[in-house]
Amino acid sequence: MTNPCRSCDERTAGCHTRCPYYGEWDKWQKARRERIKAEREKDAGYTHYKRDTVDKRVRR
């Protein structure tokens, strides 16, 4: 989904508060960011484990 403001003919300063298209896009964008954040947090455990394991091997 692309930002609806990019090709909007009715675009003015401060129009985000009353634009229904922007509101819908903003909800979609926030949900997308949350999904990405959850995926990164899921991978973070493995990444920390792997880094700690390599650090231990290097110190020996």
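Owing to the predicted nature of the structure, the values given are computational and were not obtained by experimental measurement.
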Listing request: all salt bridge (Lys or Arg N to Asp or Glu O under 4.0 Å) pairs with a residue in residues 8-30, at least two apart in sequence or in separate chains.
D26-K30

Identify, with sequence neighbours excluded, every residue that meets side chain to side chain donor-acceptor pair (under 3.5 Å) alongside K42.
E39

N3 CG to Y21 OH distance, which is reported to the nearest 0.5 Å
14.0 Å

Counterpart residues, side chain to side chain donor-acceptor pair (under 3.5 Å), relative to R40 (two or more places apart):
none

Closest contact, heavy atoms only, C5 versus Y22
SG-CD1, 3.8 Å

